[in-house]
Amino acid sequence: MTTTTTTPLQKFTVPVLLLAALAALCFGAQSGMMNLYVQSVIMFMGINIILSSSLNIVNGYMGEFACGHAGFMAVGAYVSSILSVWLFADDAVFGTAVLSPSLAVWLFPVVILAGGVAAAFAGLLVAVPSFKTRGDYLAIITIAANYIVKSTIENVGAIGGARGFMGMGRVTKAMDASLPLPWMMIWVFAGTVMTVWLINRFVSSTQGKGIIAICQDEIAAEIMSVNTNKMKIVAFMLSSGLAGVAGGLFAHVLGYVNPGSFTIMKSTECMVMVYLGGMGSLGGSVLSAVLFTLLLEALRPLQIIKWVVIPLMLVLLMQFRPEGIMGNRELPQLFPKLKKFYKFK
Amino acid sequence: MIESLFQNILNALQWGSFYSLIALGYCLVYGVLLLINFAHGDIFMVGAYISFFVVTFLLGNFGLIPGLPHWAVLALAVPLVMILTAGVGVTLERIAYRPLRRKGAHRLYVVITALMCGLILENGNLALLGASRRNFPALVDETVITVGGVNMTVLKLAVIVVAVLSFLFLRKVVVKTKIGMAMRAISYDKFAVPLMGIPVDTVIVFTFVLGSGFAGLAGLLFAMTYPVLDPYMGAMIGWKAFIAAVVGGIGSIRGAFAGGFLLGFVEIMVVAFFPSTFRDLIAFTILLLILWRKPTGLFGVARRTKI
């Protein structure tokens, strides 16, 4: 912490690398070097990174045990899908497109963010009871919230109920038609980078320190003038809002959503990624999301045995390295020499 | 009208009995270890499968004594299933939870391990036995008795009676016996207890024997009542029973019992008056409201935290 000046190398490494990665992905997708399967695996990787790093705010930094992340993902997925189909596509239920489909390219991020905002408000469902409850009782509230969201969607006939909702494929086609670029890849990439950047900023801010203080000791934090209720609302809303963004992207990548994708099982996957990477380590969350997605794909030939092997690996991980891959450290803390080359803010 | 009400109450009592039996197991383990044993629902599922194999084996021509009468099969099956399922629970404790406890790992890691063990049981079962559903052979006479317009079967009444008896038995064990006292002591202060010469591991194993044994019993009764088995049957009912245990006030035997029946009542009554797809929605909303008003559950006592 002696050098406060930023060298140009430190300043530009991350943006240049990210731009290069984006360009490489676009080129790969456009020229056909990556087939659709590889593309979709990369996109799911991005979505998983958003999911795991956003759940890390609550489960890692705040030290709660929330296991209903998929519920908020569902809210985001449905709200943004309905909005985008209503605005940009002709649909049997919602009638003709409200706006010209050529606007889809420009307004798509707004639609995704709207899904995120809706999910953030759904997060209040958990945030408000969390004022008084902690630990195992809060775990229940989150599970119940997940069930409530899923069950509500199943009971609304207008958006397809248990059959699911589709039509997002037409929106992505409209985007491709107006400008031939792999748009979903770009938006997933942008969403992922934005999420990681936002969480990194948030955690190192005053508010983020308040959340880490709650993790250490809630009562002590309150005595030290941390407004714990406000912090909890902020943390839960941010976490669920970003889950909603992930859900919106997920829905548009697949082109179809149904409530069956947002069960406790999906929430468990998110939790697995957080604990695999390490609680309270953003780098760990990113790394574990990438590894977990690759692992799921690599084990695909095993079919059902996959779901025996993955839990078994986690049980072994808990036995031998319970703090996860990174513990609660970040990359520069593990490799101090890296600090010379980059700065991520 | 009044008849259908009584009929629904009876159904709710039966449905709540299953939740109660499973919730009791959650509660015992939680009471002692402060560990949410997420694998418990799957131990219940394993119990149902074990009872399937035990009963089929005893009924078949290659069993111990071919042509055993049904009542004798049932009488043999109950202890066998309970012992075998208890074995599964103890094995989990021995190979997955105990090493973590020895290392003094954070409670959360044990919970994750439990969750993963549940997944292993579920999917391992699916991989081993295949996805085809199994039909449980009928053991008990299915005659419907009608008393004042309310239909009941012997099995339905038996389920309720067994649940109440199990509750009374477990309560007696926890409150009156020496080992029950040790269990309560561990939950009160797990650092002081070994200093008093209480064998902590034995007590914990005993807790798992009790909890898993009664999950096995619930599995047997469930398989007899709804004679179709599939590997994911335990997941949903397990999560719900856990919620029931928490609403009752986790760690309190009375609370788990009451919470199980409460959830059963709410679910059956919702189905009686609303479309059945609303069951989860309304049931969970009610439970959420209860937890909001009473954060420690119906019978739970808030633990005071000191800094």
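Quantities reported herein were computed from a predicted structural model and do not represent experimental measurements. Letters A, B, ... are given to chains in the order of the sequence lines, protein chains preceding strands, and every chain is numbered from 1.
Interface residue A/Gln319: backbone and side-chain heavy atoms are both found under 4.5 Å from chain B. Of the atoms belonging to A/Val149, not a single heavy atom falls under 4.5 Å from chain B. If you measure heavy-atom distances from B/Leu281 to chain A, the contacts under 4.5 Å come from both the backbone and the side chain. For A/Leu317, no part lies near chain B; criterion is any non-hydrogen pair under 4.5 Å. Contacts between B/Arg293 and chain A at a heavy-atom distance below 4.5 Å involve the backbone alone (N, CA, C, O). When heavy atoms are compared at a cutoff of 4.5 Å, B/Val247 does not approach chain A at all.
Proximity of the aromatic rings of B/Trp239 and B/Phe38 is defined here by a centroid distance below 6.0 angstrom, and this criterion is met. Here the two rings, on B/Phe257 and B/Phe261, have centers that are under 6.0 Å apart.
Heavy-atom pairs under 4.5 Å with chain B were tallied for A/Val315, A/Asn155, A/Ile148; the largest tally goes to A/Asn155. The candidate with the highest count of non-hydrogen atom pairs below 4.5 Å against chain B, out of A/Ser151, A/Ala162, A/Gly324, is A/Ser151. Residue with the most contacts toward chain B among A/Asn59, A/Ile143, A/Leu314, A/Val128: A/Ile143 (heavy-atom pairs, distance under 4.5 Å). Annotation: maximal heavy-atom pairing with chain B below 4.5 Å, among A/Leu312, A/Ile305, A/Val272, A/Leu125, occurs at A/Leu312.
Classified by interplanar angle (parallel below 30°, tilted 30° to 60°, perpendicular above 60°), the ring pair A/Tyr78/A/Phe165 is tilted. Between B/Phe18 and B/Phe222, the two ring planes are perpendicular [angle over 60°; tilted spans 30° to 60°].
Between the side chain of A/Ser52 and the backbone N or O of A/Ser285 there is at least one donor-acceptor pair closer than 3.5 Å. Formation of a donor-acceptor pair under 3.5 Å by the A/Asn56 side chain with backbone atoms of A/Ser281 is found in this model.
The cationic atom of B/Lys103 (NZ for Lys, CZ for Arg) lies less than 6.0 Å from the six-membered ring centre of A/Phe320 and within 45° of the ring axis.
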